[in-house]
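Throughout, a chain's letter reflects where its sequence line sits, starting with A, and its residues are numbered from 1. These values consider heavy atoms only, across backbone and side chains, with no hydrogens, waters or symmetry-generated copies.
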Amino acid sequence: MTQTTRRVALKVLGATLGASAFAHAMEPLRAWSKDLSLDQFLQRHYKELTSEELAEGIRRLERETREEYGREVTIRDIRPQEGVQFGYALSLSVCIGCRKCAEACHVENNHDRRTNNSYIRVLEMDQGSFDMEKGDATYEHAVPAKGKYYMPVQCQQCDNAPCVKVCPVQATWKEPDGIVAVDYNWCIGCRYCEAACPYHARRFNWTKPEVPAGEINPDQGYLSNRIRPQGVVEKCTFCLHRTREGRMPACLEACPTGARVFGNLLDPKSEIRWVLENKRIFVLKEELGTRPRFFYFFDV
Amino acid sequence: MGKDTHAITYPRFLLRVIGQSFEGSWRFYLWMTVLTAIALVGANAWAHQLVEGMRVTGMSDHVSWGLYIANFTFGVGLAAGAVMMVIPAYLYDDHEMHDVVILGELLAIAAIVMCLLFIVADMGRPDRFWHILPGLGRFNWPISMLTWDVIVLNGYLFINLHISGYLIYTRYLGRKPDRKWYLPFVFLSIGWAVSIHTVTAFLYSGLGGRPFWNSALLAPRFIASAFITGPAFVILLLQLVARLTRLRVGDGPIRTLTSVLRVTVLLNLFMLGSELFTSLYTGGTHSTAVTYLFFGLHGKSALVPWIWSAVALNVASAALLHLPASRGSRAFLNAACVAAFAGVWIEKGMGLIIPGFVPSTLHELVEYVPSMAEWKITAGIWAVGFMVLTIAIKVALTVLTGEMAVEPRSGDTRTGEHAPPLMH
C-alpha cells in the first residue's frame, strides 16, 4: 500500500513539474497572443468578405497601424478597372543600374527599413552575355560600369504563374487586370510560392517590419502597400493603389533615364503597345512557360 | 462483462492505455524524462520563434526552406518506409513478418506526427492553420501539390491509426480480429505509403524554376531511400524490443529486412550516380547547384561536408551489408543500419532541400546554415516523435503479451512467445 501511494505521489509530482515546465517554456506566447485578436483570427478570405466585413477589417488595420506605428493612414480597397490589362516594359539599352527604382519601391511600399527590402533586384551583367550566372546583384561601385549592362528584375505578373499554382490555400491569385495579388490576412506563411517563383520576386516577412512613423507612406492599398504582418509573403503589385487610378508605378516615376514603360495593353494608343509593336522584345526564362507581363527590349 | 458494449469498453480501454503510458520501469521513466526535457527546450525555442518571427532561423528570401522542411521530407520517407514490413507480410505472404507489421505502423504514426509538427514549425502563421483544413478553409485542390500532401499525409495517419488501433483493441478484448476490418486497409496502406513520398517528391520536382529538383527521377529516388530508412530503423527497433520486452520475434523478419536493405542501398546509390552524370556530363547552368553541393562554387562550400558525409555513410552501409561477415554479425548489420539511416537523413535533408535554393533563381549564391533555434526545435520534434513511438510500442506490447486485457484470464500466462499472432 505504501509502495502504491509513494508511486502515485511521485507521478503527481512529476506531472505537476512537467506541466509547469511546459507553461514556462511556452511563456513567450503571451506576448504573441496579445497582438492577435479574435476578429483577425476568424477573418475570411478576401474574396469571401462582404463589403461591410471588408470595411470593418480596414478600420481595424488603420487602428492597428496608428497604435503600433504611430501614424494615421488611409487604406483603400481599389478594384481593377474594366478593359484594362496591365503590362510593363523596360529598355536594357537605357537602364544604367542606379537602383533608384528599387529605392522608390522600398519607400512607396512601406518596406522594412532594417533589411532595406525592395521588390526590385538589379543584376549587373556582362555585355555580350545573357548568362545570369555571371550577373551580380550586390555591386557597390559607380554606375554604369564599363562593359556592363543592367537588368532590373521584379514580379513578372505571369499569366501562368507558378506561385499561384502552388499556394495550398489560394492566398495568392491573378486579378482581372493581370496583377498577381496576395491576401496578407489569409497567407499561412508556408513560402511554397517563394520556392516556386523563377524570378525571385516574392519576399517573406521574417519579422515585423520596422518603419519610422514619419517615413510611412499613408496612401495604402489593401492588396498592395499596407504594412504587412509578420510571417506572411508579399510581392510587387505594379503599385496597384496608384496604377488602378491612372497613375504610374513608383519605380517608373523614380527612373532618371526613362527606361521604364507602363500601361494598358488593351489601349492601342498606349506607349506600351507602341514598344511591343516596334521594339525587339523578350521575356525572362521564356522556356518555363510562365508567360510574363514584364517585357525587356533593346534600342536597336 | 459480456453485455458491455463498445461504448463502455472502448473508453475504458483508452483510459487504461493512458494509464499504461505513465507506467514502467526506471529505464522507461529516465528515457521519457530525457525526451520531455528535449521537447521542452524545443517548445520554448518555438515560442520565441513565434514572437520574434522566423528571423531567428538561418533562412532567407534566397533559401526560404531549411532544416524543418529537410526533416519533414526525411520523416515522410521514414513513414513510407515503415510499410516495407507490410509488403513482404501480405503481398508475399511471409507469416513471420505479420507481428512486425504493427511495429512498422506505429513507426509510421510517430513519423507522420513529426512531419506535421515540422510543417507547423515552418509556418510563418501557425495561427492560420485552419485555412488549410478542408471544408473550413480554402483548398487549392487539385492544383497545389502541398494541398495533396496535406490530404495524403493525414490520410496515411488515419489509416495507420485505424489498423493498429483496431488490432490492439480486439486483442485487448480477447477476440479474433475480423479480416474485413483491417485487411483492406492494410493493402490500402501499401499504395498510400508510396503516394505520400511520391507527392512529397512532386512538391519539389514540379517547380520549373528550380533545376536541381526538376527531375523525373526525384520520386523514384525518394521511394528508394524510404525503403532504406524504414527497414534500417525497424531492424534496430526489433533488437531493442527483444532486449527490453517479453515479445519475441524470430530472426526471419530481420533477415527479410536485411535483404530488402541490400537491394535498396544499391538502388539509391545508382540513382544518385545517374543524376550526377546527367548534371555534370552535360554541364551548363543546370549543373551549378550540383557543383555547389559537391565541390563548392566561387569560394562558397557550406554543403560540401554534408553531402560527402552522406555519400560516405551510404557507401559504407552498402559495403557493410554486402560483406560476407555481415551475415553472421549483428554488430556489422547494426552499424550498416545506423550508417544508412544517417546517410539518407543528410542526403534527403541538407543534400536535397538546400541545394534547390543555392544558387537562387537569379543565380545568386546565398548560403544557409541552420541557427541554434532551428536545431533546438528540430531536436524537440524528434524527441516528441520518440515519445509517441515509445508509448505506442509499450501499449501495443502490453496488450500483445496479454499483460493488459479486458479481464485478466486466470491461469493465462501466455507471453509473446506463445501468444497467437496479432494478424492473420
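Remark: A:L123 CG to B:E364 CD distance equals 6.5 Å, nearest 0.5 Å. Remark: A:E194 CD to B:M59 CE distance equals 10.5 Å, nearest 0.5 Å. In this structure, OG1 on B:T361 lies 10.0 Å from CZ on A:R121, to the nearest 0.5 angstrom. Atom CD of B:Q49 sits about 11.5 Å away from atom OG1 of A:T207, to the nearest 0.5 Å. Atoms OG and CD, on B:S144 and A:Q170 in that order, are 9.5 Å from each other to the nearest 0.5 Å.
Of the two parts of A:F41, the backbone and the side chain both hold a non-hydrogen atom closer than 4.5 Å to a non-hydrogen atom of chain B. Residue contact with chain B, scored on non-hydrogen atoms closer than 4.5 Å, is absent for A:V233. A:K165 touches chain B through backbone and side chain together, each having a heavy atom under 4.5 Å away. In this structure, chain B has a heavy atom under 4.5 Å from the side chain of A:V153, while its backbone stays farther away. With a 4.5 angstrom heavy-atom cutoff, A:L17 does not touch chain B via any of its atoms. Heavy-atom distances place both the backbone and the side chain of B:L146 under 4.5 Å from chain A. For A:D136, no part lies near chain B; criterion is any non-hydrogen pair under 4.5 Å. For chain B, the nearby parts of A:I188 are the backbone and the side chain; heavy atoms of each come within less than 4.5 Å.
Shortest non-hydrogen contact noted between A:R7 and B:G24 is NH2-O, 3.1 Å. Taking every heavy atom of both residues into account, A:A21 and B:L40 meet most closely at CB-CD1, 3.4 Å. Nearest approach of B:F22 to A:K11, heavy atoms of both residues: O-CE, 3.1 Å.
Of the residues considered (B:I119, B:T288, B:T36), B:T288 shows the highest number of contacts with chain A, using heavy-atom pairs under 4.5 Å. Ranked by non-hydrogen atom pairs under 4.5 Å with chain B, the options A:R44, A:E287, A:Q40 are led by A:R44. Interface check for chain B: of the options A:A25, A:P198, A:C187, the most heavy-atom pairs under 4.5 Å are formed by A:A25. Chosen from B:S60, B:G209, B:G42, B:A43, the residue pairing most often with chain A at heavy-atom distances under 4.5 Å is B:S60. When the candidates A:P168, A:C197, A:G189, A:P162 are compared by the number of heavy-atom contacts under 4.5 Å with chain B, A:P168 comes out ahead. Note: B:W65 leads B:W65, B:W46, B:F357 in heavy-atom pairs under 4.5 Å with chain A. Comparing A:H24, A:R203, A:K285 by heavy-atom pairs within less than 4.5 Å of chain B, the highest count is held by A:R203. Here A:W186 is the residue among A:W32, A:Y199, A:W186 with the most heavy-atom pairs under 4.5 Å with chain B. Comparing A:N185, A:T115, A:N117 by how many heavy-atom pairs each has under 4.5 Å with chain B, the most go to A:N185.
The shortest distance between side-chain heavy atoms of B:L207 and A:V166 falls below 4.5 Å. Within the 4.5 Å cutoff, no side-chain heavy atoms of A:E27 are placed close to those of B:H48.
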Practice problem: Apply the test side-chain contact (heavy atoms from CB on, under 4.5 Å) to residues A:W206 and B:V56: give CA-CA distance (whole Å), side-chain angles for both, the deciding distance (0.1 Å), then the verdict. | Solution: CA-CA 8 Å; A:W206 299 93; B:V56 303; over 6 Å; no
Exercise. Begin from the C-alpha positions of A:V232 and B:R125 and carry the test side-chain contact (heavy atoms from CB on, under 4.5 Å) through to its verdict.
Key: CA-CA 7 Å; A:V232 304; B:R125 295 301 297 241; 3.8 Å; yes
Exercise. Decide yes or no on side-chain contact (heavy atoms from CB on, under 4.5 Å) for A:H200 and B:D61, but give the supporting numbers first.
Key: CA-CA 8 Å; A:H200 190 62; B:D61 282 323; 4.1 Å; yes
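Of all residues spanning residues 127-141 of chain B, those with a heavy atom less than 4.5 Å away from chain A's heavy atoms are B:D127, B:R128, B:W130, B:H131, B:I132, B:L136, B:G137, B:R138, B:F139, B:N140, arranged by number.
More than 12 heavy atoms of other shown residues, nucleotides or ligands fall within 6.0 angstrom of atom OH in A:Y139. By the neighbour-count criterion of 12 heavy atoms within 6.0 Å, atom CH2 of B:W148 is sparsely surrounded, having that number or fewer from other residues, nucleotides or ligands.
Remark: the backbone N or O of A:A195 is paired with a side-chain donor or acceptor of B:R210 at under 3.5 angstrom. A donor-acceptor pair under 3.5 Å is formed between the side chain of A:Y192 and the backbone N or O of B:L203.
Using a 4.0 Å cut-off between charged nitrogen and carboxylate oxygen, B:E52 and A:K208 do not count as a salt-bridge pair. Note on B:D122 versus A:R191: salt bridge recorded, some NZ/NE/NH1/NH2 to OD/OE distance being below 4.0 Å.
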